[in-house]
Each structure stands twice: as structure tokens, then as C-alpha cells.
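Everything on this sheet refers to the single structure shown next.
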Amino acid sequence: FAKRLKRVRGKLEVTGGGGARPSRQPPLPRHACRLAAYLARKACEIHVVMNLLTIIALGQWIFGDSFLWGPRIYLAVMGPISLAVAAWSIGRSVNRQEAEQEFAAWYGVPKGYELVFHQGWWNIEPVQENERSG
């Protein structure tokens, strides 16, 4: 958003609550592939990763390198999974144009103006009505 706002010449209107209200958590997927993708996304959420890494660090501090085969397996598995989840999430977000939709929900052009891209800049200009000759 900041990069896009830096490329705007003119004034935009900010719409409070443009991101919509939080929605209910959808039910767990029933299809095995969708459930696996859902669980992988949940396992890669930052609070889950930070808590598990803290537990692993405490375990290593207490027990040294012995008894850490479980955490080593976790780290070996989660590395590729988190990379795949990140790549999939970025690709899906770009494909669905989620950033553009959210930007449009929060920032709007005032009435009577339009957003025009010209020479690398987004310009807010008055609407040019096409004059029709009679």
C-alpha cells in the first residue's frame, strides 16, 4: 500500500471499514487435499512457529543435543512445507489480485475524478466527458 500511495499524485478518500468486517471461521474442509493444505497453512502461522521454536530452544537448553530427534524432524519437515505454503499463498494472492481489491476497498477516488496511470504515476484527474458532435 505504501509504495502504491507514493505513486499517487492527488488526493484519495479513505473509506473507514473498507476492509470489511471480520467473518466467521469457515468449517474444516472435508476433502483430504484441501484439509492438508488448510493444516499446512495453519502450521505455518507465525504464532504457531514462534511458540514451537521457543519450545525447541528451551528443550535444547535443558537437554542439550540429546532427545532432540523430534524437533529436528519438525524443522526438517517444516522448512520445505513453509516454503511451499509461502509460494502458493503469494501466487494465489497475485492471481486473485487481492492487494488491488483491498487497496480499492480502503482508498477511493473522489466523485468527479478518475485514476489515470501516466508515465509511471497514478494521477487523480477530473473526469473528461467525451464531447459528442451533433
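Taking a 6.0 Å sphere around OH of Tyr113, one finds it holds 12 or fewer heavy atoms contributed by other residues, nucleotides or ligands. Heavy atoms from other residues, nucleotides or ligands lying under 6.0 Å from CZ of Arg30 number 12 at most. When the shell of 6.0 Å around CZ of Arg41 is examined, it contains more than 12 heavy atoms from other residues, nucleotides or ligands.
How far CG of Leu58 is from CH2 of Trp61: 7.5 Å, rounded to the nearest 0.5 Å. In this structure, Gln60 CD and Arg72 CZ are separated by 7.5 Å, a value rounded to the nearest 0.5 Å.
Scanning all heavy atoms of the two residues, the minimum distance from Lys11 to Ile124 falls at O-CD1, 3.0 Å. Annotation for Glu114 and Pro126: closest pair OE2-O, 4.0 Å, computed over non-hydrogen atoms. The heavy-atom pair separating Ser82 from Cys44 by the smallest distance is CA-SG, 3.6 Å.
If you chain together hydrophobic residues whose side chains sit under 4.5 Å apart, Met78 and Val48 fall into the same group. In the hydrophobic clustering of ILVMFWY residues, with side-chain heavy atoms under 4.5 Å counting as a link, Leu75 and Leu68 come out apart. Under the 4.5 Å side-chain heavy-atom criterion for Ile, Leu, Val, Met, Phe, Trp and Tyr, Ile81 and Ile46 are members of distinct hydrophobic clusters. In this structure, Val109 is a member of the same hydrophobic cluster as Phe117, with clusters built from ILVMFWY side-chain heavy atoms closer than 4.5 Å. Note on Val49 and Leu52: same hydrophobic cluster, where clusters join Ile, Leu, Val, Met, Phe, Trp and Tyr whose side-chain heavy atoms are under 4.5 Å apart, directly or indirectly.
Here the side chain of Asn95 pairs no donor or acceptor atom with the backbone of Gly91 at under 3.5 angstrom. Looking at Ser93, its side chain never comes within 3.5 Å of a backbone N or O of Ser89 through a donor-acceptor pair. One N or O on the side chain of Gln101 and one on the backbone of Arg96 form a donor-acceptor pair closer than 3.5 Å.
Between Tyr74 and Ile56, some side-chain heavy-atom pair lies under the 4.5 Å cut-off. Side-chain contact between Leu115 and Asn123 is absent, with no heavy-atom pair separated by less than 4.5 Å.
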